[in-house]
Amino acid sequence: MKMEPSLNLSEWFGAIDIYLFDQLLKGRLIPGMRVLDAGCGSGRNLVYLLRSGFEVFGVDESSAAIAQTQRLAAALAPHLPQNNFRIEPVERMSFADAGFDVVLSSAVLHFAKCEAQWMSMVKEMWRVLKPGGIFFARLASSIGMEDQVKPITDRRFDLPDGSQRFLVDEAMLLSVTMTLGGEFIEPIKTTVVQNMRAMTTWCLRK
């Protein structure tokens with residue numbers, strides 16, 4: 001007899017980053033927390049959070065993406081103000097200092113044009129994070145692919161998949177974490193997509 005699933009996973013979780021899902025499984029994100037998705041796009045990582053009682057916020061430079069995220073929030077969490085979702089660059093957000101329990105940065109930082117912009121984005125996300133809060137980032141790196149990426153300038157590289165990205169490495173993440181005064185809540189983890197790219201997970205507590 002075929003068993004029907006009792007929970008529609010795609011309906012509840014959308015296209016959530018699997019490594020963000022891992023943070024949910026570890027109990028680090030709890031309903032009621034104030035969560036900012038910095039570079040939220042159309043809200044692919046927010047479906048479960050909106051459904052489950054988190055106080056969700058987001059910024060993105062794309063007006064179309066924010067409009068889509070606002071529609072998603074209106075459908076899943078209509079009590080949230082539409083102004084929680086703002087058309088803003090990550091490096092210049094209008095939120096107050098230390099306002100969020102969690103700041104998410106999923107596949108955003110590697111679009112930085114240079115190291116100065118990358119650092120501005122990181123420092124701004126750190127600014128709005130509460131002491132004791134969690135910073136979660138997934139970003140492209142050169143880890144495990146050092147011989148397959150070709151430098152252009154200022155930490156931007158040509159990748160085997162044909163894209164150009166700003167790439168970090170382990171030494172940079174360790175150095176920036178120390179500069180911020182952050183604490184690793186788990187080791188740096190990198191997934192190498194064969195002959196294409198490497199994606200690294202960077203999780204800190206402020």
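Source: prediction; values computed, not measured.
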[atom2] on [Y] to [atom1] on [X], rounded to 0.5 Å:
{"X": "M125", "Y": "K206", "atom1": "CE", "atom2": "NZ", "result": "12.0 Å"}
{"X": "D158", "Y": "Q148", "atom1": "CG", "atom2": "CD", "result": "13.5 Å"}
{"X": "R44", "Y": "L72", "atom1": "CZ", "atom2": "CG", "result": "13.0 Å"}
{"X": "T190", "Y": "M199", "atom1": "OG1", "atom2": "CE", "result": "10.0 Å"}
{"X": "D37", "Y": "L49", "atom1": "CG", "atom2": "CG", "result": "8.5 Å"}
{"X": "K113", "Y": "Q164", "atom1": "NZ", "atom2": "CD", "result": "12.5 Å"}

query: Aromatic rings F57 and F95: how do their planes relate, parallel, tilted or perpendicular, breaks at 30° and 60°?
result: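 Ring orientation of F57 relative to F95: perpendicular.
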
Specify the closest pair of heavy atoms between [X] and [Y], including all atoms of both residues, with the distance to one decimal.
{"X": "M172", "Y": "D169", "value": "N-OD1, 2.9 Å"}
{"X": "N195", "Y": "P160", "value": "O-CB, 3.2 Å"}
{"X": "F85", "Y": "Q70", "value": "O-NE2, 3.3 Å"}
{"X": "A38", "Y": "V103", "value": "CB-CG1, 4.4 Å"}
{"X": "L109", "Y": "V122", "value": "CD2-CG2, 3.9 Å"}

Donor + acceptor pair across side chains of S105, W202 (<3.5 Å):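 Looking only at side-chain atoms, W202 and S105 do not form any donor-acceptor pair under 3.5 Å.
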
Counting only pairs under 3.5 Å, give me each side-chain donor-acceptor contact of residues 20-36, with atom names and distances, residues two or more places apart or in other chains.
unit_1	atom_1	unit_2	atom_2	d
D22	OD2	K26	NZ	2.9
Q23	OE1	R28	NH1	3.0
Q23	NE2	E186	OE1	3.4
Q23	NE2	E186	OE2	3.4
K26	NZ	E186	OE1	2.9
R28	NH1	E186	OE1	2.7
R28	NH2	I185	O	3.2
R34	NE	G99	O	2.7
R34	NH1	E55	OE2	3.0

task: Write out all pairs satisfying salt bridge (Lys or Arg N to Asp or Glu O under 4.0 Å) with one or both partners inside residues 126-140, taking only residues at least two apart or from two chains.
output: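 Output for this query lists D17-R138, D97-R127, D101-K130, E124-R127.
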
For the residue pair [X] and [Y], establish whether any side-chain heavy-atom pair is separated by less than 4.5 Å.
{"X": "L167", "Y": "P151", "answer": "no"}
{"X": "W126", "Y": "L204", "answer": "yes"}
{"X": "F135", "Y": "L180", "answer": "no"}

Greater than 12 external heavy atoms within 6.0 Å of Q82's CD: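 Yes, because the 6.0 Å sphere around CD of Q82 holds more than 12 heavy atoms from other groups.
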
- prompt: Taking only residues two or more places apart in sequence or in another chain, which ones pass side-chain contact (heavy atoms from CB on, under 4.5 Å) with S163?
  reply: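 S163 satisfies side-chain contact (heavy atoms from CB on, under 4.5 Å) with L159, D161, R165 once adjacent residues are dropped.
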
query: For the side chain of T69 and the backbone of G41, is there at least one donor-acceptor N/O pair under 3.5 Å apart?
result: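 Side chain of T69 to backbone of G41: a pair is present.
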
